[in-house]
K.L.:
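First, the structure itself, so that you have it in front of you.
As the structure is a prediction and not an experimental result, all values here were calculated from the model. Lettering follows sequence order; numbering is per chain, from 1.
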2 protein chains.
Amino acid sequence: MSETADLPLPVPDPASASARRVQSRTTSFDVAALAGVSQSAVSRAFTPGSSIAPAKRQRILEAARKLNYVPNSIASSLTTKRTNIVALILGNLANPFYVEVLRTFIDRLQAQGRQILTFTVENGADSDEAILRVLRYQVDGVVLTSAQLSTRMTSMCHDRGIPIVLFNRYIPGSDASGVRCDNAGGGRLMAEAFLAAGARSFAMIKGDPKGTTSQDRARGFTERLLEAGVARSAIREIEGASTYDGAFSAVLAAYRREPDRLPDAIFGINDIMAMGAMDALRQRMGLKIPQDVMIGGFDDIPESRRHPYQLTTVRQPVERMVDEALAILHLDEPALPIEPGIDRQVPGRLVWRGTIPAPALPGA
Amino acid sequence: MSETADLPLPVPDPASASARRVQSRTTSFDVAALAGVSQSAVSRAFTPGSSIAPAKRQRILEAARKLNYVPNSIASSLTTKRTNIVALILGNLANPFYVEVLRTFIDRLQAQGRQILTFTVENGADSDEAILRVLRYQVDGVVLTSAQLSTRMTSMCHDRGIPIVLFNRYIPGSDASGVRCDNAGGGRLMAEAFLAAGARSFAMIKGDPKGTTSQDRARGFTERLLEAGVARSAIREIEGASTYDGAFSAVLAAYRREPDRLPDAIFGINDIMAMGAMDALRQRMGLKIPQDVMIGGFDDIPESRRHPYQLTTVRQPVERMVDEALAILHLDEPALPIEPGIDRQVPGRLVWRGTIPAPALPGA
DNA sequence: GCAACATTTGAATGCGTATTCATAAATGGA
DNA sequence: TCCATTTATGAATACGCATTCAAATGTTGC
């Protein structure tokens with residue numbers, strides 16, 4: 001059994017095997033006939049930079065408009081081997097951060113005249129099926145922001161000349177290139193912020209244990225605390241699904257288990273989890289933030305700025321990361337070889353807001 | 001000038017005009033050669049329901065796997081005239097409601113083996129350019145959840161046999177079909193909730209004045225209040241951009257203008273605006289909800305359920321609406337004619353939470 | 001005014017697959 | 001067992017466009 005045959009394919013109603021065709025599509029030949037030129041000329045009229053007399057191009061475009069002609073990109077892709085389609089494989093759209101990522105990619109790519117084929121994959125699930133679909137559609141590049149990626153799929157893409165870029169994750173042992181925030185560094189920034197505010201005991205709410213992103217942030221955070229002389233026993237880990245609700249209930253459960261071990265500071269591995277934690281702490285446990293507990297997040301999603309949260313967090317420079325990712329794809333220069341193993345890290349920046357008392361000279 | 005020639009197209013670097021081709025792609029002919037069959041057989045092996053001996057199919061799939069062969073959907077689309085691609089034209093991804101809509105469409109379509117081509121359009125802008133791109137890619141159907149749609153574009157799609165469905169909006173004078181929540185009815189539900197809770201003076205925070213959705217909700221709301229004997233002067237309108245921030249500042253501005261005309265109840269035309277209003281009222285104006293002001297929303301986005309908001313709102317049945325929308329597209333039966341002028345309305349449901357004091361028998 | 005060159009043009013071809021059509025093999029019925 | 005059907009198969013072709021190649025036209029320099 002080959003997996004390539006097992007994709008769920010829409011099985012067309014046998015009775016309607018013939019495609020809907022209200023009127024036979026107008027093709028470049030129709031336009032050519034109307035304009036009194038050859039089909040080649042029509043093709044050239046729609047191809048920027050090709051050799052055609054301006055006057056003739058105008059005449060052709062005019063004829064095309066009359067016929068409501070629109071070039072068939074599918075057909076042209078067949079010959080050019082470029083689809084101008086980029087695939088975006090996304091995980092958790094429940095996390096607003098990834099919505100922002102999606103928006104940014106769409107903005108950029110749309111402005112470049114490219115189309116976006118969107119896939120979602122269960123968080124942490126492997127994305128092989130999505131990749132297989134992507135391959136069928138001969139996309140010009142793939143952005144992967146979630147899920148695992150088998151080396152087999154990586155090489156299948158690369159063999160076909162399709163570049164992949166991992167966004168905010170890396171896959172150990174893979175030669176796929178990627179861009180990510182300096183997650184460990186961001187974790188360190190947060191540790192420093194807590195320390196500066198005088199915290200002595202800590203907790204992290206970690207999300208998906210398989211996610212390198214979560215791990216790296218936690219690692220940087222822990223390392224910095226240990227360097228500062230904090231005892232390992234003063235750093236607690238709370239596990240929960242990496243969602244608002246996951247953090248909410250994980251915090252409650254941890255508190256119920258050990259009510260007297262409330263830490264001074266809690267690091268939510270991302271903003272949405274930090275928000276869940278805040279709501280649990282305030283609304284269910286009656287605590288005040290930052291007086292009773294400090295909270296830190298990661299991402300700087302728009303919601304973090306809003307009044308109920310005012311979350312101190314590590315900002316990920318999404319636009320810059322997206323630009324770097326697109327640079328790695330180098331869609332404009334398909335002739336260049338795919339560079340494997342790039343691991344571009346972009347630093348995050350601490351944004352002081354209300355959930356950690358700012359030291360005398362904030363940011364100093 | 002034909003607009004069809006003006007799309008921003010990626011202009012390939014002249015130096016790299018030839019496409020990246022690391023190794024000549026393996027085609028169905030290669031597989032056929034290895035399996036010792038004809039190309040037709042390979043095609044049939046990958047086409048569910050086509051006439052081929054099971055044993056031979058297995059042999060072919062085996063050969064395909066060895067060669068890492070993946071069928072080229074672009075090529076097959078050229079002959080079948082079906083791409084299995086559906087276009088989603090979205091507006092405001094800053095509104096979580098539309099993120100949910102996006103997620104739901106992706107889930108459904110992905111499960112059907114279809115791909116999603118995503119476009120975003122400035123809110124309220126016209127979507128002609130997006131439609132033009134969509135036409136080039138010969139998509140099987142279009143879902144439009146924002147923006148305006150010219151009748152020219154509608155007919156261009158219909159002429160080509162591409163069905164369009166409008167999601168939660170309609171375009172007066174257009175024969176495009178659509179699905180929407182019964183927005184006016186939802187507005188009425190909210191009016192009734194406020195009345196039941198004893199409110200006597202009202203305000204609406206309206207979003208985009210061009211959006212029929214916003215207008216319909218406001219109209220239903222107003223009508224129901226008038227029917228109940230509320231004086232028109234007791235119903236105020238506050239205009240603002242249909243975002244969290246838009247509502248936040250619109251409420252503050254309205255309050256500063258007439259500090260003594262605080263209404264009993266405020267209807268945010270959607271949840272994200274209601275949330276902005278709530279935060280402004282509580283954090284900036286020191287008011288208590290629902291004691292000092294009641295708040296109602298519309299959509300029932302996940303955030304509405306969260307502790308800081310607990311928003312009483314009108315729930316839109318997204319899944320059902322998506323299903324209806326896909327039914328209108330009838331992607332499985334492309335031979336059926338496109339039915340214009342369908343206007344399917346799905347009722348909303350009031351969800352009582354904390355921002356309106358529930359009457360003795362909630363929901364009665 | 002003419003050679004040397006640059007720009008335009010159209011006919012023909014290929015891209016990778018699905019499908020048609022005619023033929024070959026397999027199956028069923030009597 | 002043999003004919004009538006059904007099923008399986010391969011050769012050939014079409015899908016709509018970009019591109020190559022050779023020819024034609026236009027431009028420049030002297």
Side-chain angles (χ1 to χ4, degrees), chain A residues 4-5 9 11-12 14 16-19 21 24-33 35-60 64 67 69-84 135-138 160-161, chain B residues 4 9 11-12 14 16-19 21 24-33 35-60 64 67 69-84 135-138 160:
Chain A
T4 56
L9 284 178
V11 179
S16 66
S18 75
R21 208 191 309 188
S24 65
R25 286 157 158 63
T26 72
T27 73
S28 54
F29 281 95
D30 302 318
V31 177
V37 297
S38 71
Q39 180 268 331
S40 329
V42 177
S43 171
R44 288 195 257 260
F46 282 91
T47 306
S50 67
S51 168
I52 187 173
K56 175 170 283 199
R57 165 172 273 149
Q58 285 314 312
R59 199 147 44 86
I60 291 171
L67 295 178
Y69 169 76
V70 174
N72 181 335
S73 292
I74 295 296
S76 81
S77 296
L78 193 56
T79 61
T80 59
K81 300 188 183 320
R82 296 292 285 176
T83 51
N84 287 326
L135 289 176
R136 289 188 173 213
Y137 281 86
Q138 316 288 117
R160 278 148 224 268
Chain B
T4 56
L9 283 179
V11 179
S16 67
S18 73
R21 205 190 313 188
S24 64
R25 285 156 159 64
T26 71
T27 73
S28 54
F29 281 95
D30 301 318
V31 176
V37 297
S38 70
Q39 180 269 332
S40 328
V42 177
S43 172
R44 287 195 261 260
F46 282 92
T47 307
S50 67
S51 169
I52 187 174
K56 177 170 283 198
R57 163 172 276 149
Q58 286 314 313
R59 198 148 44 86
I60 293 170
L67 296 177
Y69 168 76
V70 174
N72 182 333
S73 292
I74 296 296
S76 82
S77 295
L78 192 57
T79 60
T80 59
K81 299 189 184 319
R82 297 292 285 177
T83 51
N84 288 326
L135 289 177
R136 288 188 174 215
Y137 280 85
Q138 316 288 115
R160 277 149 225 266

K.L.:
How about B:I60 and B:Y69: do any of their side-chain heavy atoms sit closer than 4.5 Å?
P.N.:
no
K.L.:
Which of these nucleotides, C:dG10, C:dG16, C:dA18, is closest to any side-chain atom of A:S38?
P.N.:
C:dG10
K.L.:
Compare side-chain N and O positions of B:Y69 against OP1 and OP2 of C:dT17 and report whether any pair is under 4.0 Å apart.
P.N.:
yes
K.L.:
Considering heavy-atom distances to DNA chain D, does B:G36 or B:A75 have its closest nucleotide positioned more toward the 5' end?
P.N.:
B:G36
K.L.:
State whether A:S28 places a side-chain N or O below 4.0 Å from either non-bridging phosphate oxygen (OP1 or OP2) of D:dC17.
P.N.:
yes
K.L.:
For the pair made of CZ in B:R44 and P in C:dT17, what is the distance, rounded to whole Å?
P.N.:
15 Å
K.L.:
Reckon B:T79 has a side-chain N or O less than 4.0 Å from the OP1 or OP2 of C:dA18?
P.N.:
no
K.L.:
Answer yes or no: does a side-chain N or O of B:K81 lie under 4.0 Å from OP1 or OP2 of D:dG16?
P.N.:
yes
K.L.:
Could you state the CG-C1' distance from A:L78 to D:dC15, rounded to the nearest angstrom?
P.N.:
9 Å
K.L.:
Of the options C:dG10, C:dG16, C:dA12, whose atoms approach the side-chain atoms of A:A41 most closely?
P.N.:
C:dG10
K.L.:
Taking 4.0 Å as the cut-off, does a side-chain nitrogen or oxygen of B:S40 come that near to OP1 or OP2 on D:dG10?
P.N.:
no
K.L.:
Under 4.0 angstrom, heavy atoms only, what part of the nucleic acid is A:S76 near: base, sugar-phosphate, or nothing?
P.N.:
sugar-phosphate
K.L.:
Calculate the interatomic distance between B:I60 atom CD1 and D:dA8 atom C1'; express it in whole Å.
P.N.:
11 Å
K.L.:
Nearest nucleotide by nearest heavy atom, which residue falls closer to the 5' end of DNA chain C, A:F29 or A:P54?
P.N.:
A:P54
K.L.:
Are the side chains of B:Q58 and B:P54 in touch, meaning some heavy atoms are under 4.5 Å apart?
P.N.:
no
K.L.:
Find the distance B:L135:CG to D:dC17:P and express it as a whole number of Å.
P.N.:
13 Å
K.L.:
What is the separation between atom CD on A:Q39 and atom C1' on C:dT9, rounded to the nearest whole Å?
P.N.:
13 Å
K.L.:
Without decimals, in angstroms, what is the distance between A:I52 CD1 and D:dA18 P?
P.N.:
12 Å
K.L.:
For the pair B:R57 (side chain) and B:I52 (backbone), establish whether a donor and an acceptor sit closer than 3.5 Å, ignoring hydrogens and angles.
P.N.:
no
K.L.:
Which part of the nucleic acid does B:T27 contact within heavy-atom distance under 4.0 Å: base, sugar-phosphate only, or nothing?
P.N.:
sugar-phosphate
K.L.:
With respect to the phosphate group of D:dT9, does any side-chain polar atom (N or O) of B:K56 fall under 4.0 Å of OP1 or OP2?
P.N.:
yes
K.L.:
According to a strict under-4.0 Å criterion, is A:S51 in side-chain N/O contact with OP1 or OP2 of C:dT8?
P.N.:
yes
K.L.:
Figure out the CG/P separation between B:N84 and C:dA18, and round it to whole Å.
P.N.:
11 Å
K.L.:
Looking at residues at least two apart in the chain, or sitting in another chain, which of them share a side-chain hydrogen bond (donor to acceptor under 3.5 Å, both in side chains) with B:S77?
P.N.:
none
K.L.:
Run the side-chain hydrogen bond (donor to acceptor under 3.5 Å, both in side chains) test against A:Q138 and tell me which residues pass, sequence neighbours left out.
P.N.:
none
K.L.:
State, with a plain yes or no, whether a side-chain heavy atom of B:T26 is found less than 4.5 Å away from one of B:V31.
P.N.:
no
K.L.:
Can you tell me how far P of C:dA18 sits from CD1 of B:I74, to the nearest Å?
P.N.:
13 Å
